[in-house]
Each structure stands twice: as structure tokens, then as C-alpha cells.
> 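Here's a structure for you.
Both backbone and side-chain heavy atoms feed into the values below; hydrogens, waters and symmetry mates do not. Sequence lines set the chain letters: A, B, ... in the order given, protein chains first and strands last, and positions in each chain run from 1.
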There are 2 protein chains.
Amino acid sequence: MPAPSEHRQAGSPGTEKSLRLTTLPEGHPCGRCAVRAATICGTLKAKELGHFKSLSSSGYAEPSQCLFHEGDPAQLVYSITSGSLKLYRLLPDGRRQIAAFPQAGDFLGLTLEKVHAYTAEALEPVEYCRFPRQRFDAFVDEHPEMGRELYLMAAHELAAAREQMVLLGRKTARERLASFLLTLFDRARCRNADWEIVRLPMTRTDIADHLGLTKETVSRTFTSLRRTEMIALLPGERVELLQRRRLEQLACGELG
Amino acid sequence: MPAPSEHRQAGSPGTEKSLRLTTLPEGHPCGRCAVRAATICGTLKAKELGHFKSLSSSGYAEPSQCLFHEGDPAQLVYSITSGSLKLYRLLPDGRRQIAAFPQAGDFLGLTLEKVHAYTAEALEPVEYCRFPRQRFDAFVDEHPEMGRELYLMAAHELAAAREQMVLLGRKTARERLASFLLTLFDRARCRNADWEIVRLPMTRTDIADHLGLTKETVSRTFTSLRRTEMIALLPGERVELLQRRRLEQLACGELG
DNA sequence: CGGTTCGTTGAAGAAAATCAAAACTCGTGG
DNA sequence: CCACGAGTTTTGATTTTCTTCAACGAACCG
């Protein structure tokens with residue numbers, strides 16, 4: 001079992017900057033992004049946006065800093081403007097499950113409970129906007145149309161979580177890694193150009209804790225995918241997609 | 001790998017009956033239920049409820065009948081009024097992952113996509129209300145306060161799905177079964193009296209496909225929990241909780 | 001009563017975990 | 001510029017957990 005990670009630094013508050021609840025291209029032909037881009041920003045009229053903006057402050061977190069920890073009172077809501085994080089839960093003996101790797105454009109900390117159920121830890125330098133939870137909730141109450149947008153976000157995350165359930169419950173190690181890499185490629189393609197190269201900001205251990213494997217198995221599986229020439233491993237923790245079709249077949253279980 | 005299940009009967013339309021989007025006790029001191037109870041019904045004024053009601057028709061499904069299949073156009077939204085179902089996804093070779101076991105009070109078919117990503121199959125006789133998707137969406141558009149309620153539902157299901165990710169990614173067979181049984185006990189306690197007995201409407205294979213195990217492992221694990229006297233297996237596919245505390249410790253990984 | 005499905009149990013096998021160690025990366029500082 | 005050292009990745013050998021295969025008994029049903 002992996003050792004528990006112990007980081008307790010607070011995210012350092014930054015100076016006020018322009019409010020961007022999403023950094024995504026607004027009309028991009030990617031379902032996930034399209035919904036995100038429509039979220040919040042598109043919903044609010046100029047005057048209301050100003051009011052909303054006044055609720056926020058911006059901040060910055062170093063790699064391995066946590067925006068919040070499992071068990072912390074959920075007092076703030078975060079909107080990531082750049083960088084990426086891991087969102088995880090620890091079992092008492094240190095076993096860890098990473099639920100997601102949130103990126104720019106994602107909301108964090110929107111729990112219904114009084115405390116956070118997950119820890120959000122930066123993988124890279126992260127910029128974010130922060131909203132006091134109470135004022136955020138009050139704002140949502142005053143602007144019913146926000147409810148719909150929050151619903152769209154939650155529904156998307158639910159779909160992703162259930163997809164991950166299929167992966168964790170029924171896929172082999174190769175299928176898991178193939179699926180994971182494809183989601184990364186799709187997320188990258190959605191934001192950037194059609195590069196078939198992504199950088200992995202997370203370690204093998206992080207990937208293992210996301211896919212329900214060990215770091216050794218993840219490493220061996222990378223090697224296996226490289227040997228069969230579906231991907232290439234480039235310097236700088238980057239991965240190139242060589243055969244999308246075969247990787248897709250593998251990911252959904254149509255390939256040995 | 002388990003053999004694929006092949007059922008293609010349609011849910012039989014029933015006669016008009018009183019609209020109940022939830023059958024849960026409205027003031028029950030259970031978080032999950034409280035939110036559900038507040039959902040929809042509590043949101044609409046009498047006149048609007050009448051309009052909403054006029055959009056629905058009620059129906060009935062036999063065990064093993066499907067309300068909808070993975071890949072079907074998502075034309076209807078369902079609200080379960082009695083009975084329970086399994087919501088699952090099949091891989092091409094027949095591997096199956098059951099995402100959830102929806103019950104009375106749950107909504108089904110609320111996908112953002114054009115088609116359903118999961119199959120909903122009745123475990124027991126199921127009564128439900130049906131709403132044409134388009135009219136449901138239009139209604140939600142006209143009643144912004146509905147968005148907030150949908151968000152609460154989605155957020156709850158997201159929390160449950162992520163809990164299941166921890167289970168599938170990092171728990172042992174015993175821990176998985178313990179966690180699963182506890183959610184069943186909690187759901188039952190929320191609805192009924194404080195009986196520590198639940199009936200399992202699903203087969204061992206269904207449980208296995210929910211927990212990422214095989215039916216043999218599930219069976220062995222039931223035996224193991226029975227031998228250590230945490231639970232008792234009663235006639236009629238019923239399970240009695242004997243030592244809640246120990247089962248809870250086991251479920252969250254504090255026990256061998 | 002035979003047929004089917006479901007649940008349990010046993011024995012053998014496999015995928016991934018664990019244990020162990022070498023190779024690589026990258027920042028630091030001599 | 002290169003050597004050092006901590007952390008990460010890769011690879012190998014062994015073990016474990018769960019799966020697979022197989023058999024049998026119980027419940028159910030026309």
C-alpha cells in the first residue's frame with residue numbers, strides 16, 4: 001500500500017485579477033468544452049457578472065500545495081484558471097484513490113456537505129479564483145438560471161465518474177491505461193491544436209492511484225503500449241499518440 | 001468474463017395515476033432522502049405542479065424488462081415510484097459494470113447526450129412516471145428553480161459514484177461487500193423503520209458486476225462475513241446486520 | 001419430474017501486487 | 001562541467017488475491 005502523502009500548506013492568496021471562470025475557447029466543437037464554456041460566464045448579464053466578480057479573489061498554488069483537504073470545512077469554492085490538480089481520497093491505511101485530475105475551466109469544492117470529501121492538490125503551479133461558499137450559494141439562490149449551469153457541470157462530472165467506474169470495475173490494466181491516455185488526448189485536443197502529444201503532469205503513482213493499479217503495473221503497461229507502437233514516450237514526460245484507432249479499440253475492450 | 005445479458009422487452013405503458021416524483025417521507029432525518037424529498041415536488045407551486053403532471057404518464061415494468069437500453073435515443077425521463085432496477089453498461093465482449101441500483105424516488109434517463117449511455121433493467125416489478133424528454137427540458141427552461149433541484153440530484157449521484165470509485169479502485173473484496181451492504185442498510189433505514197434487515201433484490205452476479213468482482217468471489221465473501229458473524233443470511237435473500245460497527249470499520253479499511 | 005437458474009464450494013490458473021534493485025532525471029553545488 | 005543525491009521510473013523475481021473452471025445442491029416452474 002502506498003504511503004499517505006502529507007502536505008498541509010495553504011494556497012497563497014494572490015492579487016485581484018480579471019475574473020475568468022473558464023479559460024476554454026467558447027465555441028470549440030468539443031462537447032465537454034462547449035458545455036463548460038456555456039457555464040456561468042454565458043449565463044450572467046454584464047451587471048450580474050460584475051457583482052459575481054466582486055465576490056471572488058484570485059490565488060496561486062505551488063505543486064504539492066493543497067487548495068483544501070479531505071475533512072476541511074468547505075468554506076470556499078474554486079474555479080481553476082490555469083494548471084492542473086489531483087482530487088483524491090485517502091483510506092486510513094494510506095491507500096489512495098484519485099477521483100479526477102481537474103484542469104483550467106473546472107470548478108472545485110462544490111460539495112453539498114459541510115466538509116470536503118476529497119483533497120485537491122496541485123500537480124503544477126495553479127492559478128484560481130476563490131469564492132466564499134456562503135456568498136456563492138446566496139448568489140446562486142438569487143440567480144436561478146445558475147442552477148441549470150451547475151446541473152450541467154455536475155451531470156458531466158457524473159458521466160465521467162461512471163465511465164471511470166466501468167474502467168475500475170471491469171477493464172484490464174492495458175485497457176485502463178489506454179482509456180486514460182485517450183481522455184487526456186481528447187482533453188488536450190479540445191483546448192489546443194490537434195497535436196497528438198500530451199505532457200503528463202502527474203507521476204506514475206498518481207496514474208496508478210487513478211486507475212486502481214500500482215506504479216509498477218502502470219510502468220510495465222506503458223512499456224507494453226510502447227512496444228506495440230500504439231504510443232511513443234518522448235522526453236519531458238510527454239506521450240505521443242501513434243495509432244488512435246487501435247488505442248480506442250483497446251480502451252473499449254475490443255482488442256487483446 | 002460473464003456472459004452478456006440479452007433482454008429487449010419494452011416497458012408496458014400503464015394507466016394514468018397520481019403524480020409522485022418521490023415516494024420518500026418528506027421530513028426524514030436522512031441527508032440523502034431529505035434532499036430527494038425536497039426535489040421537484042417541493043419546488044413547484046400547485047398550478048405548476050398540475051402542468052408538470054399533465055406531461056407525465058405512468059408505467060409498469062416486469063423484472064428483467066428494460067426501461068431503456070444503452071444506445072437508445074433518450075426520449076423519455078423516468079421517475080421511479082416503486083421497485084428497484086439495475087443501471088448498467090456492457091463492454092463489447094459482455095463484461096458488465098452496474099453503475100447503480102436505482103430505487104423509488106430516483107430519476108432515470110436524465111442524460112445530456114442524445115442517447116442513453118446505460119441500460120436500466122428492472123430487478124423487481126417497477127412502477128414509474130414517464131416524461132417526454134423535450135417537454136421535460138422545456139419545462140425546466142421555463143422554471144429556472146428546477147435547475148437547482150436537478151443540480152442537487154446530480155451532485156448526490158456524483159458523490160455516490162466517486163465513493164464507488166474508491167471502492168472499485170482500492171478496496172479488497174471483503175471491504176467492497178461490507179461497503180455495499182452498509183449502503184443498502186442505510187438506504188433501507190432511511191425509508192423504513194430501523195430494521196437492520198434488508199432484502200437483496202439483485203443476484204450474486206449483479207452484486208459482482210457492481211463491485212468489480214465475480215459471483216464466486218461475492219458468494220465466498222458473503223460466507224466469510226457470515227462466518228465472522230458480522231451479518232446473518234436469512235431465508236428469502238435477506239441479510240441481517242449483526243455488528244454495524246465492525247462492518248463499518250471493515251468497509252472503510254480499518255479492519256483486516 | 002426434468003429443466004433451468006441461482007448459490008455455494010473446491011481446485012487450478014492468471015493478472016496484478018509486492019518485494020527488491022538497477023537505471024534514469026533533474027536540480028544543486030563543488 | 002561534472003559529480004552528487006533524492007526522487008522517480010523501469011525491470012525482474014516472487015507472492016497473493018481474485019478469477020476461472022468445474023461440480024454439486026437448492027429453489028423454482030411449467
Side-chain angles (χ1 to χ4, degrees), chain A residues 1-3 5-7 62-64 86 91 93-97 123-124 167-178 199-227 231-239 250 253 256, chain B residues 1-7 62-64 86 93-97 123-124 167-177 199-227 231-239 253 256:
Chain A
M1 299 166 189
S5 50
E6 288 293 343
H7 300 292
E62 294 282 334
S64 91
K86 51 188 174 191
L91 295 182
D93 62 1
R95 279 175 286 176
R96 188 176 65 158
Q97 179 65 35
L123 293 170
E124 327 167 79
L167 181 152
L168 292 168
R170 286 295 176 234
K171 290 187 183 177
T172 66
R174 297 190 90 217
E175 289 162 359
R176 291 180 199 203
L177 189 56
R199 202 178 61 77
L200 303 180
M202 67 292 283
T203 67
R204 297 286 186 267
T205 303
D206 289 336
I207 298 173
D209 286 344
H210 184 51
L211 302 183
L213 301 168
T214 60
K215 58 183 189 300
E216 292 93 338
T217 299
V218 169
S219 181
R220 278 184 249 271
T221 309
F222 263 113
T223 305
S224 159
L225 294 183
R226 184 169 49 72
R227 290 239 174 84
I231 61 170
L233 299 177
L234 309 178
E237 296 306 328
R238 288 173 313 142
V239 181
L250 175 58
Chain B
M1 300 166 186
S5 51
E6 288 293 345
H7 300 293
E62 294 283 333
S64 91
K86 51 189 174 190
D93 62 1
R95 279 175 286 175
R96 187 177 66 159
Q97 178 65 37
L123 293 170
E124 325 167 81
L167 181 152
L168 292 168
R170 284 294 174 237
K171 291 186 183 176
T172 65
R174 294 190 91 217
E175 290 162 358
R176 291 181 200 203
L177 189 56
R199 202 177 59 78
L200 303 180
M202 67 292 284
T203 67
R204 296 286 186 268
T205 303
D206 289 336
I207 298 172
D209 286 345
H210 185 51
L211 302 182
L213 301 168
T214 60
K215 59 181 190 299
E216 292 92 339
T217 299
V218 170
S219 181
R220 278 184 250 270
T221 309
F222 263 112
T223 304
S224 159
L225 293 184
R226 184 168 50 74
R227 289 239 175 85
I231 61 169
L233 299 178
L234 309 179
E237 295 306 326
R238 288 174 313 143
V239 181

> Ignoring hydrogens and angles, are the base of D:dG12 and the side chain of A:Arg220 linked by a donor-acceptor pair under 3.5 Å?
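By the distance-only test, yes, there is a pair.
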
> Picking from D:dT10, D:dC18, C:dA17, which would you name as closest to the side chain of B:Leu213?
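Looking only at heavy atoms from C-beta outward on B:Leu213, the closest nucleotide is D:dC18.
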
> Among the candidates D:dT11, C:dA17, C:dT9, find the nucleotide nearest to the side-chain atoms of A:Thr214.
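Between D:dT11, C:dA17, C:dT9, the one nearest the side chain of A:Thr214 would be C:dA17.
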
> Heavy atoms under 4.0 Å, any strand shown: does B:Thr203 hit a base, just sugar-phosphate, or nothing?
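Counting heavy atoms under 4.0 Å across all strands, the contact made by B:Thr203 is with sugar-phosphate only.
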
> Does the B:Thr217 side chain pair with the main chain of B:Leu213, one donor and one acceptor, at a distance under 3.5 Å?
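No, because the side chain of B:Thr217 does not come within donor-acceptor range (under 3.5 Å) of the backbone of B:Leu213.
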
> Produce the list of close N/O pairs, under 3.5 Å, pairing protein atoms with atoms of nucleotides 22-30 of chain D; give distances to one decimal.
none

> Any donor-acceptor pair under 3.5 Å between the side chain of A:Arg226 and the base of D:dT11?
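Check fails, no donor-acceptor contact within cut-off.
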
> Find the distance A:Arg174:CZ to C:dA15:P and express it as a whole number of Å.
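Spelled out: CZ on A:Arg174 to P on C:dA15 is 12 Å.
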
> For A:Ser224, enumerate each residue passing the side chain to side chain contact (heavy atoms under 4.5 Å, CB included) test, keeping only those at least two apart in sequence or located in another chain.
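For A:Ser224, the residues satisfying side chain to side chain contact (heavy atoms under 4.5 Å, CB included) (neighbours in sequence not counted) are A:Arg174.
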
> Kindly point out which of C:dT18, C:dG7, C:dT8 is positioned nearest to the side chain of B:Glu237?
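It is C:dG7.
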
> Identify, with sequence neighbours excluded, every residue that meets side chain to side chain contact (heavy atoms under 4.5 Å, CB included) alongside A:Arg238.
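Listed in chain order: A:Ile197, A:Arg199, A:Leu234, A:Pro235.
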
> Taking the minimum atom-to-atom distance to the side chain of A:Ala173, which one of D:dT19, D:dT10, C:dA16 wins?
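Given the options D:dT19, D:dT10, C:dA16, the side chain of A:Ala173 is closest to C:dA16.
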
> Begin from the C-alpha positions of A:Arg96 and A:Leu91 and carry the test side-chain contact (heavy atoms from CB on, under 4.5 Å) through to its verdict.
CA-CA 6 Å; A:Arg96 188 176 65 158; A:Leu91 295 182; over 6 Å; no

> Kindly write out the residues that satisfy salt bridge (Lys or Arg N to Asp or Glu O under 4.0 Å) with A:Arg220, not counting sequence neighbours, or none if the list is empty.
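Expected list: none.
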
> Would A:Leu168 and B:Gln97 satisfy side-chain contact (heavy atoms from CB on, under 4.5 Å), going step by step from the backbone distance to the final call?
CA-CA 9 Å; A:Leu168 292 168; B:Gln97 178 65 37; over 6 Å; no

> CE of A:Met202 versus P of D:dT9: gap in Å, rounded?
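Taking CE of A:Met202 and P of D:dT9, I get 11 Å after rounding.
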
> Tell me: CZ of B:Arg170 to C1' of C:dA16, nearest whole Å?
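It is 11 Å, rounded to the nearest whole Å.
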
> Rounded to whole Å, please give me the gap between CG in B:Leu177 and C1' in D:dT17.
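It is 16 Å, rounded to the nearest whole Å.
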
> To 10°, what angle do the rotation axes through the five end pairs on each side of the helix from C:dC1-D:dG30 to C:dG30-D:dC1 form?
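Here the local axes at opposite ends form an angle of 40°.
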
> Under 3.5 Å, is there a donor-acceptor pair between the side chain of B:Arg95 and the main chain of A:Gly169?
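The answer is no, because no donor-acceptor pair under 3.5 Å joins these two groups.
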
> Return the nearest nucleotide to the side chain of B:Arg204; candidates are D:dT11, C:dA16, C:dT8.
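The listed nucleotide nearest to B:Arg204's side chain is C:dT8.
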
> Without decimals, in angstroms, what is the distance between B:Glu175 CD and D:dC18 P?
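About 9 Å, once rounded to whole Å.
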
> Using side chain to side chain contact (heavy atoms under 4.5 Å, CB included) as the criterion, list what pairs up with A:Ser219, not counting sequence neighbours.
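Side chain to side chain contact (heavy atoms under 4.5 Å, CB included) check on A:Ser219 returns nothing, list empty.
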
> Using whole Å, what does the distance between atom C1' of nucleotide D:dC18 and atom NZ of B:Lys171 come to?
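About 18 Å, once rounded to whole Å.
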
> Students often get this wrong, so: under 4.0 angstrom with heavy atoms, is B:Gly236 touching a base, only sugar-phosphate, or nothing?
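Answer is nothing: B:Gly236 stays at 4.0 Å or more from every strand.
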
> Strictly below 4.0 Å: does A:Thr217 bring a side-chain N or O up to OP1 or OP2 of C:dA17?
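Indeed, a polar side-chain atom of A:Thr217 lies that close.
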
> If the condition is side chain to side chain contact (heavy atoms under 4.5 Å, CB included), which residues does B:Thr203 pass it with, not counting sequence neighbours?
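Here the qualifying residues are B:Thr205, B:Asp206.
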
> Using whole Å, report how far CZ of A:Phe222 lies from P of C:dC24.
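Atom CZ in A:Phe222 sits about 19 Å away from atom P in C:dC24.
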
> Might you work through the side-chain contact (heavy atoms from CB on, under 4.5 Å) test for A:Ile207 and A:Leu200, ending with a clear yes or no?
CA-CA 9 Å; A:Ile207 298 173; A:Leu200 303 180; 4.2 Å; yes

> Between C:dA15 atom P and B:Arg95 atom CZ, what is the distance in whole Å?
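Taking atom P of C:dA15 as the reference, CZ of B:Arg95 is at 12 Å.
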
